[in-house]
Student: 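One structure follows; several queries about it will come next.
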2 protein chains.
Amino acid sequence: MARTQSTQYPILGLLCIKPLSGYDLRAEIEGTLNSFWRESEGQIYPTLRMLEETGQIVRIEGQRKQARERQVYAITDLGRQRLRAWIAEEPRMQSPRNEFLLKVWMMRHGPEGAVLAHIRQHRQQVAIRMAAAAELQTLVERNRSFPDFPVWQTLFRYGALMREAELAWCDETLAALEPLERREAKAATCTRKGKKLIEQR
Amino acid sequence: MARTQSTQYPILGLLCIKPLSGYDLRAEIEGTLNSFWRESEGQIYPTLRMLEETGQIVRIEGQRKQARERQVYAITDLGRQRLRAWIAEEPRMQSPRNEFLLKVWMMRHGPEGAVLAHIRQHRQQVAIRMAAAAELQTLVERNRSFPDFPVWQTLFRYGALMREAELAWCDETLAALEPLERREAKAATCTRKGKKLIEQR
DNA sequence: GCAGATATACATCTTACAGAGGTATACTGT
DNA sequence: ACAGTATACCTCTGTAAGATGTATATCTGC
């Protein structure tokens with residue numbers, strides 16, 4: 001997903017709602033897009049400058065003369081147009097880099113029980129996120145009348161479905177692998193005296 | 001996930017199974033880790049050099065004297081040790097950058113029906129991957145006796161659960177948003193003659 | 001047996017961007 | 001008045017993704 005400057009799109013999307021400063025944008029991305037989009041601190045300011053130079057946003061407050069003045073940006077018609085065009089393009093998928101599953105895949109090369117511990121830990125984190133999301137959802141319920149409300153609902157639902165599946169997998173997998181790893185460990189200790197069976201490959 | 005050189009770990013993991021060349025590694029990552037790990041073409045060779053310099057792998061074929069000779073690498077004890085230590089560390093999560101959900105989130109700023117089309121397209125792709133995974137799984141079933149077989153099973157199961165959830169979400173969401181977008185479009189065309197209601201914000 | 005096409009194997013270069021740090025201003029207690 | 005801390009904004013640097021380049025091996029038809 002390099003070479004695409006995908007940072008610009010969440011910025012344009014948020015500026016469609018209302019004018020914001022770089023700092024606000026950072027906070028909004030962190031707060032509302034968090035579950036499916038994370039932005040790097042250092043990418044927002046360069047991107048704002050690029051968007052301003054290409055006329056997709058304008059600075060409506062702050063002259064950049066005195067230092068550290070609050071700079072507020074608003075989207076232009078061109079920006080809205082570009083965003084619209086981008087939305088119509090087919091979305092590209094992030095190339096997966098799932099360390100958790102990679103460690104599961106090579107669990108036999110790690111220390112005894114380490115990966116099972118990761119799975120238990122993962123289960124717990126997912127459960128925590130699940131509770132947090134449910135709480136946030138009840139907060140958002142108050143804005144039922146917002147035109148974007150139905151879309152927000154579907155996004156909550158997406159998170160809920162994924163987390164449910166994740167939890168189910170953790171439970172299944174622990175049930176399947178826990179007895180197995182115990183048995184293997186026993187077998188290994190039994191044979192280690194003789195031939196180091198566990199090192200064979 | 002920068003600054004971590006995470007590319008080294010799938011390489012070490014694969015070399016635990018058997019010695020391979022850079023080209024082989026690329027093919028193996030593409031073929032077997034594909035569903036949760038993707039590696040960039042240009043990252044494998046620099047990483048191999050780094051691993052060789054730090055003594056985690058050794059070249060067992062190919063002298064790098066004559067050009068374009070096949071270079072085969074094997075893991076060393078140090079490499080195995082490092083991998084083991086890494087597996088024990090808590091896995092870090094990839095920061096999400098889901099263009100698909102981002103477009104869903106801002107669907108009202110895109111052209112009429114564009115995002116619904118993306119959702120239908122997504123549904124179809126997931127269904128295709130689902131069928132492909134099922135086929136691959138029947139192939140792997142033949143290696144029931146492999147020590148890694150139970151782990152492979154859980155990884156297949158992970159993919160299956162996620163894809164099921166994904167499909168369910170697509171169906172739900174299409175059912176929820178299709179009638180809505182149609183109604184809004186009608187309302188918009190009705191009022192556009194008067195006040196451009198759709199532009200209000 | 002060789003000319004051209006294609007696949008394989010390896011390498012480099014450019015650019016996006018994550019992470020961390022830095023600086024200036026505003027506020028707050030003493 | 002002054003130190004300490006929080007806020008708002010901005011910069012720098014290393015890592016790695018992805019594109020692209022190039023050399024060698026293998027195949028194909030004539």
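Chain letters run A, B, ... following the sequence lines, proteins first and then strands; every chain starts at 1.
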Student: For the side chain of Y45(B), counting heavy atoms from C-beta on, which of dA9(C), dA8(D), dA17(D) is nearest?
Tutor: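 Output: dA9(C).
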Student: Kindly state which residues belonging to residues 84-91 of chain B come within less than 4.0 angstrom of DNA chain C, counting heavy atoms of the residue only, listed by number.
Tutor: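 Close to the strand, none.
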Student: Any base atoms under 4.0 Å from T7(A), or only sugar-phosphate, or nothing? Heavy atoms, all strands.
Tutor: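 T7(A): backbone/sugar contact only, no base atoms under 4.0 Å.
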Student: Give a yes or no on whether a salt bridge exists between R120(B) and E178(B), defined as a side-chain N under 4.0 angstrom from a carboxylate O.
Tutor: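 Yes, this pair counts.
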Student: Please list every donor-acceptor pair under 3.5 Å in which a side-chain atom of residues 130-143 of chain B meets a protein atom from a residue at least two apart or in another chain.
Tutor:
from: T138(B); atom 1: OG1; to: E135(B); atom 2: O; distance (Å): 2.5
from: E141(B); atom 1: OE1; to: R144(B); atom 2: NH2; distance (Å): 3.1

Student: Can you tell me which nucleotide in dC9(D), dG18(D), dC10(C) comes closest to the side chain of S40(B)?
Tutor: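 When the side chain of S40(B) is considered, dG18(D) is the closest of dC9(D), dG18(D), dC10(C).
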Student: Nearest-Å distance, CD (E41(B)) to C1' (dA9(C))?
Tutor: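 About 9 Å, once rounded to whole Å.
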Student: Listed by chain and number, what are the salt bridge (Lys or Arg N to Asp or Glu O under 4.0 Å) partners of R129(B), not counting sequence neighbours?
Tutor: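 With neighbours one apart ignored, the set is empty.
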Student: Return no unless some side-chain N or O of R70(A) is found under 4.0 Å from OP1 or OP2 of dA8(D).
Tutor: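 For dA8(D), neither OP1 nor OP2 has a side-chain N or O of R70(A) closer than 4.0 Å.
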Student: Figure out the CG/C1' separation between L20(B) and dC10(C), and round it to whole Å.
Tutor: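 L20(B) atom CG is separated from dC10(C) atom C1' by 16 Å.
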Student: Return the set of residues passing ring-ring contact (aromatic ring centres under 6.0 Å, His included) with H118(A) (not counting sequence neighbours), or none when no residue passes.
Tutor: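 Checked H118(A) against ring-ring contact (aromatic ring centres under 6.0 Å, His included); zero matches.
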Student: Could you list the residues that satisfy ring-ring contact (aromatic ring centres under 6.0 Å, His included) with F156(B), not counting sequence neighbours?
Tutor: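 Result, ring-ring contact (aromatic ring centres under 6.0 Å, His included) vs F156(B): none returned.
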Student: Rounded to the nearest angstrom, tell me the gap between atom CD1 in I11(A) and atom P in dC9(D).
Tutor: 13 Å
Student: Just how far, in rounded Å, is C1' of dT15(D) from CZ of R92(B)?
Tutor: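 Going from R92(B) (CZ) to dT15(D) (C1'), I get 12 Å.
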Student: Given dA11(C), dC10(C), dC17(C), which nucleotide is nearest the side-chain atoms of R49(B)?
Tutor: dA11(C)
Student: Taking any heavy-atom pair under 4.0 Å as a contact, classify E39(A): base, sugar-phosphate, or nothing.
Tutor: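 Answer is sugar-phosphate: E39(A) comes under 4.0 Å of backbone atoms only.
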Student: Which nucleotide sits closest to the side chain of Q5(A): dA17(D), dC17(C), dC10(D)?
Tutor: dC17(C)
Student: What contact category does G42(A) fall into here, base, sugar-phosphate, or nothing, at under 4.0 angstrom with non-hydrogen atoms?
Tutor: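 Result for G42(A) = base.
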Student: Can you tell me if S21(A) touches the phosphate of dC9(D), counting only side-chain N or O atoms and a distance under 4.0 Å to OP1 or OP2?
Tutor: yes
Student: Write down the distance between CD (E30(B)) and P (dA17(D)), rounded to a whole number of angstrom.
Tutor: 14 Å
Student: Rounding to an integer number of Å, can you tell me how far R38(A) CZ sits from dG19(C) C1'?
Tutor: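 That distance rounds to 14 Å.
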Student: Could you work out which one of dG18(D), dC10(C), dA9(C) sits closest to the side chain of S95(A)?
Tutor: dG18(D)
Student: Go through dA16(C), dA9(C), dG21(C) for me and flag the one nearest to the Q43(A) side chain.
Tutor: dA16(C)
Student: In whole Å, I'd like the distance from the CD atom of E52(B) to the P atom of dA11(C).
Tutor: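 Spelled out: CD on E52(B) to P on dA11(C) is 11 Å.
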Student: Should D77(A) and R82(A) count as an ion pair when the cut-off is N to O under 4.0 Å?
Tutor: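 No, D77(A) and R82(A) are not salt-bridged.
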Student: Under 4.0 Å between a Lys/Arg side-chain N and an Asp/Glu carboxylate O for R97(A) and E39(B)?
Tutor: yes
Student: To the nearest Å, give me how far apart CZ (R59(B)) and C1' (dA9(C)) are.
Tutor: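 Atom CZ in R59(B) sits about 14 Å away from atom C1' in dA9(C).
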Student: Nearest to the side chain of Q71(B) - dC17(C), dC10(C), dC9(D)?
Tutor: dC10(C)
Student: Among all residues two or more places apart in sequence or in another chain, which pass the side chain to side chain donor-acceptor pair (under 3.5 Å) test with Q124(A)?
Tutor: none
Student: Among dA17(D), dA8(D), dC17(C), find the nucleotide with the atom closest to the side chain of R97(B).
Tutor: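 That would be dC17(C).
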Student: Atom CG of L14(A) and atom OH of Y9(A): how far apart are they, to the nearest 0.5 Å?
Tutor: 15.0 Å
Student: For D24(B) and for P46(B), locate the closest nucleotide of DNA chain C by heavy-atom distance; then report the residue assigned to the nucleotide nearer the 5' terminus.
Tutor: D24(B)
Student: Just N and O in the side chain of S6(A): are any of them under 4.0 Å from OP1 or OP2 of dC17(C)?
Tutor: yes
Student: Look at the side chain of Y23(B) and decide which nucleotide, out of dA9(C), dC10(D), dC17(C), has an atom nearest to it.
Tutor: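 That would be dA9(C).
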